[in-house]
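To find a chain, count down the sequence lines: A is the first, B the second, and so on, and within it residues start at 1. Not measured: the values here are computed from a predicted model. Worth knowing before you read on, the calculation uses all heavy atoms, side chains too, and leaves out hydrogens, waters and symmetry mates.
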Amino acid sequence: MARWGMVIDLDRCTGCAACGTACKAENNIPFVDPEESARDRTINWMDIIPAEEHGEHNGGGPMMPRPCLQCDNPPCIKVCPVYATYLTPEGIVAQNFGRCIGCRFCMAACPYTVKYFNWHDYRRKDGFHLYENPDVSTRPAGVVEKCTFCHHRLQLARERARVEKRPFRAQDYVPACAETCPAEAIEFGDLDDHNSRVSRLKRSPRARSLLQELGTKPKVVYLVREHQNEIG
Amino acid sequence: MRAYGHFRQGGDRSRGVLIQIEPRRSATAERADKWVSIRPGTETVFALGIAHTLILEHLYDEDFVTRYCVGFNDSVGPDGQTVPGFRTIVLRDFRLPIVSEATGVSVETILSVSRAFAKNQPGVAIGTPELPNGSTRLGLRLAVRYLNALVGNFGRPGGMHLQGEVPLGGWKIPEKDILGQNSLAQPRIDGAKKGFYALADDASETLPQKILTSKPYAVKALLVAGLDPLFDHPRNKDFAEAIERVPFVVSFSSMPDAITRKAHVVLPDAMFLERWTEDVNSHLAGFSSFSVGQPVVRSEDSPLGLEDTLLKVAKKIGGPVAESFKWNAFSDAIFEAAAPLAKAGHGYIAADPIKEQFRTILTRQGYWQEEFKDPKQFWKALLNSGAWWDAGDETQGAGSQFLHPTHKFQFFPNGFDWHLAAMRGQMRQSIERALGLRSIGRNLFPHDYPRPGPKKGEFELILYRPLALISNASAELPWMQEQLGPHVNGRWDSWVEIHPKDAKRLGIRNGDPVELRSESGSLRTQARIFNGVLPGILAIPVGLGRPEGGRWAKGRGADPRVLVRTEKDPIRGMGVSGITTLRIRRIA
């Protein structure tokens, strides 16, 4: 069985945010009104955040994409009282929107702040709904949501393989962000397959996990930039 | 961006080095190995400072300069006088302490950047910061080109390449009917191709005034596509007045922008996902290519694309116009244009990396294989892949990179000199000034004309276009509005970036409402404290502040162009200065 993971190469990444935009289109992520946005209620399953901190409000360093880190030891599932968020056998931290009661414990527990709360019903009926992806359910008010590694794409890829009467291959399944990235900075695949590109990159000396000391064992790993070339 | 990824971590090559020279720490500067913060508007001097170092330390490619360049060394003019060459001028006028003082960059940094540029070859010097409607800054472009010539970076792998022509077919210049002949016999309304605009293909800067004064004649019809002149034009206020004098205005905008509200007829263009598109790529790619985009979203409500609308209009007009625009749909026209590519004798439809690698090797050895006998099969493959390209451009040597009859690089390009030769006095001076050039003897040379610096309490302003607002329609897209400036948490609104030290001195906190006032105008926005601008400099994103538009763009944010002067641009025909001095204060 595969263990899905992602490697994001920050030396390739340009910070263009195409991954975040593709994610929004793929997963029917609603945009919130400007007033809501001013209250920091914008929903970004794939957020673009500063890679370094230069102090408060100074704007810091290159931007980097930040999806759900898909931890192997996720704090969020331990606090969910209704099992709305859980770890699938293939290592995806899934979110059952229909089961969520909106207690937001998982948001408090997540050290990476990847979970978002629907403060209102942000679903639109003014034409935008015509462009929704029918494979992904929309979320009502009072529900927490987050990146699912485009889990629906895994299901679709499996179904396609079944219809085509062939075995499912790891490369059949690619999340929207990895598919879109114009700089080819996002690699996705089976971490347990030692020959896969994603697995090889994860073993690179440049590989780092965010907040590794917490023991969350994220399956989204970053490749840091090489030491800056000596210019003086 | 794919090339950037490969440039950094291509696997089969050493990591590319990126040095960004810019007053503001942009997204590119963030990614760079070194960001050189420079005084706004002094990039030309900086480039010539690098040239000075390359020559002084003998880091330039002497072989290339000797074989492929003209004007490097002094020469003797027809009058027997010595004409100073590039080398003499640069060594004389651009000594590093002078460059350092002008640019605000230390001598050590200029030296280290110059040495890094010489060491990391093949490498290229590219670009000039571009604003929407920004000035040409020909002097800066020339100075950047000099650097590539000095390191011999023309026509070799990894260097600059003259892009080949894409052998498209089908579209011919239509025969002119009587109406067309009569129209073209009249003088151009905008005054391009003569006087100050002798070098310009279009001079839209003059349009509002020409319409208002009905000189050389009254404008009876105005068709507007691709922009909103009542917002995008540097003289938008004049344009708003002028538009009232035109009896027939057609807007092809897909959004209810300002020109659409004034138009007599609106023929809304399809959005980019709803329409056919074709493109011959830009000059920086290093290879020639042709790409085709198909509609991916289509509903019964979708309007026609601009081209399809024009084809329908041509059919209605009938006669020679209908004959010239013979296609039933724009996709037919693209099909016809693309058909010769199948038999061009070079270039292929884009394929997977392994196939591409194989073809590139064959191309570089001079081989080409015809893959499609049937044009319909070629078309189908082109639509599947999206692009045709020719890797062969990179195989041309240095000698084929220069269009000048001598096939050599000209340190003193005289291509437009003959235009200027006919002009004397103030006109010539004003053109030179606008282009960032000055006369040295008989030759023109890049030059940054000193601007009055900020007085006490004043700041220098720079404008930039954020990636999320890269096209005119971006402000209409809510997802783009949500990510305008992730570096300062900017969303759905404009902001002004100010250095932490300046903010502290003026008592401005992050998010405070502020007022900016320059000689040209004033605006109110909010402050964002950002250490990516130097002390004494403010930066504002361009693209918001539309007085009209769709529900997500209208009235959102502020247009900072009210703060800067409109400039005449002898090549582009219009331009705005991205730099000015101004004051900032917190408002209650």
Which atoms of B:Asp493 approach chain A - backbone, side chain, both or neither, heavy atom under 4.5 Å: neither

Note, B:Trp552 side chain near A:Asp33 side chain (heavy atom, < 4.5 Å): yes

By side-chain contact (heavy atoms from CB on, under 4.5 Å) - contacts of B:Ser494 (at least two apart): B:Thr525, B:Leu544, B:Ala558

Close contacts, residues 181-196 of chain A versus chain B, judged by heavy atoms under 4.5 Å: A:Pro182, A:Ala183, A:Glu184

pair B:Gln483-A:Asp47: side-chain heavy atoms closer than 4.5 Å: no

A:Arg166 atom CZ, neighbour heavy-atom count above 12 within 6.0 Å: yes

Nearest heavy-atom neighbours spanning B:Arg551 and A:Asp126: NH1-OD2, 2.8 Å

Between B:Gln9, B:His6, B:Met480, the one whose heavy-atom pairs under 4.5 Å with chain A are most numerous: B:Gln9

A:Glu36 CD to B:Arg491 CZ distance, which is reported to the nearest 0.5 Å: 11.5 Å

Contact listing (chain B partner; residues 129-158 of chain A; heavy atom under 4.5 Å): A:Tyr131

Heavy-atom contact with chain B under 4.5 Å, split by part of A:Ile29: backbone

Heavy atoms from other residues, nucleotides or ligands near CZ of B:Arg2 exceed 12 (cutoff 6.0 Å): no

Neighbour count above 12 (heavy atom, 6.0 Å) for A:Gln212 CD: no

Polar side-chain atom of B:Glu482 near backbone of A:Val32 as donor-acceptor pair, under 3.5 Å: yes

Neighbours of chain B found in residues 11-26 of chain A - heavy atoms under 4.5 Å: A:Asp11, A:Arg12, A:Cys13, A:Thr14, A:Gly15, A:Cys16, A:Ala17, A:Thr21, A:Lys24, A:Ala25

Heavy atoms from other residues, nucleotides or ligands near CZ of B:Phe272 exceed 12 (cutoff 6.0 Å): no

Gap between atom CD1 of A:Ile49 and atom CG of B:Asn489 - 0.5 Å precision: 11.5 Å

Gap separating the CZ atom of B:Arg8 from the CG atom of A:Asp9, nearest 0.5 angstrom: 10.5 Å

A:Arg203, CZ atom: more than 12 neighbouring heavy atoms under 6.0 Å: yes

B:Arg556 versus chain A, the contacting section by heavy-atom distance below 4.5 Å: side chain

